[in-house]
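The structure appears below as structure tokens.
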Amino acid sequence: RRLVVLVSGSGTNLQALLDEIAATGAEAYGAEVVAVGADREGIEGLARAERAGLATFVCKVGDHATREEWDAALTDAVAAHEPDLVVSAGFMKIVGERFLARFGGRFVNTHPALLPSFPGAHGVRDALAYGAKVTGCTVHFVDDGVDTGPIIAQGVVEVRDEDDESALHERIKEVERRLLVEVVGRLARNGYRIEGRKVVIQ
Ligand code: GRF
């Protein structure tokens, strides 16, 4: 299976996928990363991809006259690599209709909270501010909402009294990286069905 991974930041989830595939071999894992895309230049996620010798592309919203044109450009850039699965690993843009028409049902996102709690760009901060005692991470298929698609897997992380946002996010990411590697491998190896809000992995 061919994976395209989309990033916007440090790319440690991407790195976890690359390390797992390097360790187990693409054949045994069931997938290989064929390209990495981003919405901005100069991020560590792209540097990680370049160090791994992967194709990269950048689609900046500001380079396009409208959001729809950006969405079309992103769709074409991803499609050029003929992915079986697209993985958003810290990609901080909401894709549009064109992208979902092309990749819906095979576009996976990882979110650092237990959806449906704390969706959006500040899930870690919001859980902390709310006083949640446990939070965690969610791997889900992307639908036309924000962090609302069918849930594939979740991992629970306790919130500690002394936590600030970055300490809690780091502890979530330790669970999240393992969860993403495990889920992407199973989706790629076993195949899956999406039945309403239920995901069935064969
Ligand atoms: C992850 O926790 C992801 O869920 C969130 O941003 C973080 C990205 O981390 N959206 P990285 O870029 O993979 O290190």
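Remember, it's 1-based here, ligands and their atoms both numbered in the order they're listed.
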His81 ring center within less than 6.0 Å of Phe57 ring center: yes
Ring centres under 6.0 angstrom apart (Phe141, Phe107): no
Which residue and heavy atom of the protein sit nearest atom 1 (C) of ligand 1, plus the separation: Glu176 OE1, 3.3 Å
Thr110 heavy atom under 4.0 Å from ligand 1: yes
Best match, Asn13, Val175, Val5: closest heavy atom to atom 13 (O) of ligand 1: Asn13
Nearest neighbour in protein (non-hydrogen) for atom 8 (C) of ligand 1: Gly90 CA, 3.6 Å
Side chain, backbone, both or neither: Arg177 near ligand 1, heavy atoms under 4.0 Å: neither
N or O contact, Gly11 vs ligand 1, cut-off under 3.5 Å: yes
Check: Lys93 and Asp39 side chains under 4.5 Å, non-hydrogen atoms: yes
Close approach, His169 and ligand 1, non-hydrogen under 4.0 angstrom: yes
More than 12 heavy atoms from other groups under 6.0 Å of CD on Glu162: yes
Side chain to side chain, Arg193 and Gln202, heavy atoms closer than 4.5 Å: yes
Greater than 12 external heavy atoms within 6.0 Å of Glu50's CD: yes
